[in-house]
Number of protein chains: 2
Amino acid sequence: MLFRWSAVLFGAAVAVPALAQEPLSLRDLGSLSIGGRTIELSGKPVREVKSGDGGAAVKLDPNGQYQVEQLYVQFYLPKDRHGTVPLLFWPDAGLTGQSFETTPDGRTGWQAYFLHRGWDVYLSDPVGQGRAGWGPVPETGGEPVFATLAASFERYRIGAGPGSWDSDPLKRKLQPGTQFPADAFAAFARETGPRWTATGAATFAAYTALVDKVCPCAILAHGDAGATAFRVAQTRPDKIRALVAIEPTGGGDPDKAAALKGVPLLLVYGDFIDKDALWSQARAAVVAFAQQIRDAGGTREVIDLPKSGVLGNSHLMMMDNNNLQVAGLIQDWLAERGLYQ
Amino acid sequence: MLFRWSAVLFGAAVAVPALAQEPLSLRDLGSLSIGGRTIELSGKPVREVKSGDGGAAVKLDPNGQYQVEQLYVQFYLPKDRHGTVPLLFWPDAGLTGQSFETTPDGRTGWQAYFLHRGWDVYLSDPVGQGRAGWGPVPETGGEPVFATLAASFERYRIGAGPGSWDSDPLKRKLQPGTQFPADAFAAFARETGPRWTATGAATFAAYTALVDKVCPCAILAHGDAGATAFRVAQTRPDKIRALVAIEPTGGGDPDKAAALKGVPLLLVYGDFIDKDALWSQARAAVVAFAQQIRDAGGTREVIDLPKSGVLGNSHLMMMDNNNLQVAGLIQDWLAERGLYQ
């Protein structure tokens, strides 16, 4: 427990350099798609599709094969490598790899932070999100579910609970002392997409395929991706050198908690959770799951930011004003696990 | 130490393309979202959303505000800059910025090619595509239209016309001498998403906002984005130092052809167009539009690859086996326009 305080007091103080001014030398960059399956639709009627843009109507036969349920992954490989394994970023449901790039108000994000520190960085878009694409519904993915601006504002703990949203920015009730750049909320909203009701199994399969391709690795998973990461790590524990779960929304398979006893695990929590029923519930479930890991002989560490004196963080701590301070704590923890040289 | 050897082996065998290049030094990289609008839904019933993943059903009130119709843009800024203006990549409908990244079979794409030559590169995802996200339908975007694998195979001129597709790769009829890496067709299919029936006006508005933000610039636009680029350039001709249109599917506003007389324009065409009714039609429309520009005192140049002895190119020439040869022709043309030093 002590190291967390020292990380706050000393590690974080040196962890906020002027990143944008220093050139970044990469030995390679690129992207790939991985996982998924082919589905076939048949017996569906040919229909006429009318263009709302003034084009002619065309007949469309939807029957045939489609490639669906893949992941999209961008990789950035620094010339001077200091992370001993690649660092994989798994975004929350409804978000993409963009959540780790430039913040909505234009500051340096975690992608650039960890790249400048010499980690091989892999940013993914989950199944059904962003450049991972999506296929015919309801045959794949189930149903897309869009969050209103009000729901996002509250869910991510930017606003101070139910009723905090107002379409007039001046009338919104922010969490007191929020670190989220609230003036850029509209810019953040441009990053969000729908969640899906039935992508769980496909997401698990695709991320497992990614781990099989690029790991051993460390994984940094946000929100819903944390729950996925627990389960993937349970099936590939030898491939995961560290798992950092940012406010995971659930634990892994309770019957396989022992599989994680050799996987270093860090849980990171922001502020305002105690007063939020849903987030309190999610945290309690994860803490219970982590206790099962400990009971099986494993370990887990927790950075509870407000308890460490770091106040005001939302669920979107990679975008918060103190995002590089939080990144510094994670960097220190990874280094203490022997994954940085 | 075993894991470090594995990481080294991975790096050598998988992540680094065969055409490994010099390290790339960037003065900055990041992303932004731009454009779009807020819509409000009202009077819609609250409905129950059932999770197909085993979670509990939840009540969903869809009424409220949504942020929609933005672009997503990634930027990569080389330390040693040789392009005198940024180079913007605008993907075809149904594709994203990924189309200019690593090719489906893992070779260097146009993003890396032009970055290594010292261009500031801006890769965008069009409205409704990839990380640009999409909003509630039909209130925004109209209707998503998915292409079957067969339709993609034919439309992009990988297959030799109607009936060329077969679910068995060995039975597919390829265009004779195709440059497309046909063994990676499934990997390419993972890059594709739906087109939309009503995103034309929003796409025009968002790309105009992008031009206002980052130009003067050169634009490289693919397929449907070429038609958009003509219209954007017609409203901002002073901002566009060069426009490279890769097989555009249509011309600009015929009443404003004269607006483009000062904009250097290059049209690039691949192979097999003569035998393809739709592509022949699109080319004829664009050639007619380009003639209007010339009649108004402007210029246009055409690289017709097969006429230049470069055979076998599909509509996806940025992914074709000779993609860097085609990129070299574009690079030379941009340099001849005085945009490279």
Side-chain angles (χ1 to χ4, degrees), chain A residues 20 23-33 36 49-53 60 62 64-67 70 72 75 77 79 84-86 96 98 101-102 106 112 125 130-131 133-136 142-143 145-146 148-151 167 186-187 189-193 197-201 213-214 216 241, chain B residues 3-4 6-7 10-11 14-17 20 23-33 36 49-53 60 62 64-67 70 72 79 96 98 101-102 106 112 125 130-131 133-136 142-143 145-146 148-151 167 186-187 189-193 197-198 200-201:
Chain A
L24 173 69
S25 190
L26 300 175
R27 64 185 198 280
D28 200 10
L29 83 170
S31 65
L32 55 97
S33 298
V49 174
K50 284 177 191 153
S51 167
D53 293 333
L60 183 82
Q65 295 182 308
Y66 300 86
Q67 195 78 24
Q70 56 278 338
Y72 167 76
F75 55 87
L77 312 180
K79 176 167 168 282
T84 61
V85 290
T96 72
Q98 184 180 3
E101 296 177 339
T102 311
D125 290 0
R131 290 175 175 172
W134 54 292
E143 187 185 355
V145 178
F146 297 88
T148 62
L149 296 181
S167 57
R190 292 185 175 93
E191 296 191 22
T192 63
T197 56
T199 47
K213 187 176 175 78
V214 308
R241 298 284 182 261
Chain B
F3 69 91
R4 297 201 47 221
S6 304
F10 161 73
V14 183
V16 178
L24 175 68
S25 190
L26 300 176
R27 65 184 196 280
D28 201 6
L29 84 170
S31 64
L32 56 97
S33 298
V49 174
K50 285 178 191 153
S51 167
D53 293 333
L60 184 83
Q65 295 182 308
Y66 300 85
Q67 195 77 24
Q70 56 277 339
Y72 166 76
K79 179 167 167 281
T96 72
Q98 184 180 4
E101 296 176 339
T102 310
D125 290 359
R131 290 175 174 171
W134 55 291
E143 186 185 356
V145 179
F146 297 88
T148 61
L149 296 180
S167 57
R190 292 185 175 93
E191 296 192 23
T192 63
T197 56

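Letters A, B, ... mirror the listed sequences (proteins, then strands); counts begin at 1. These numbers were taken from a predicted model, which means no experiment stands behind them.
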So which heavy atom on B:Ala186 is nearest to which on A:Gln67, and how close?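 The pair with the smallest heavy-atom distance is O-CG, 4.0 Å.
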Minimum heavy-atom distance between B:Lys50 and A:Thr197, given as atom pair plus value: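 Taking every non-hydrogen atom into account, O-CB, 3.4 Å.
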Mind running side-chain contact (heavy atoms from CB on, under 4.5 Å) on B:Leu32 and A:Thr102 for me, showing each step along the way? CA-CA 7 Å; B:Leu32 56 97; A:Thr102 311; over 6 Å; no
Taking every non-hydrogen pair under 4.5 Å, which of A:Gly133, A:Gly64, A:Gly200, A:Ser33 racks up the most with chain B?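 Result: the option with the highest number of such pairs is A:Ser33.
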Relative to chain A, which segment of B:Tyr72 carries a heavy atom at a distance below 4.5 Å: side chain, backbone, both, or neither?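 For B:Tyr72, the contact with chain A is made by the side chain alone.
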What part of B:Pro136 gets closer than 4.5 Å to chain A, counting heavy atoms only: side chain, backbone, both or neither?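 Looking at B:Pro136, backbone and side chain both touch chain A.
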Of the backbone (N, CA, C, O) and the side chain (C-beta and beyond), which part of A:Glu143 lies under 4.5 Å from a heavy atom of chain B, both, or neither?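 For A:Glu143, the contact with chain B is made by the side chain alone.
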With a 4.5 angstrom heavy-atom cut-off, is it the side chain or the backbone of A:Gln70 that approaches chain B, or both, or neither?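 For A:Gln70, the contact with chain B is made by the side chain alone.
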Go through B:Thr192, B:Val145, B:Leu60, B:Asp125 and name the one with the most non-hydrogen pairs under 4.5 angstrom from chain A.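 The option with the most such pairs is B:Asp125.
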Chain A: which of B:Gly135, B:Gly193, B:Ala201, B:Ala151 shares the most heavy-atom pairs with it under 4.5 Å?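 Highest number of heavy-atom pairs under 4.5 Å: B:Gly135.
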Please enumerate all residues that pass side chain to side chain contact (heavy atoms under 4.5 Å, CB included) together with A:Leu24, with sequence neighbours excluded.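 For A:Leu24 the side chain to side chain contact (heavy atoms under 4.5 Å, CB included) partners, ignoring immediate neighbours, are A:Leu26, A:Leu115, A:His116, B:Leu29.
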Does the side chain of A:Tyr66 reach to within under 4.5 Å of the side chain of B:Leu149, using non-hydrogen atoms?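 A:Tyr66 does not reach B:Leu149 side chain to side chain.
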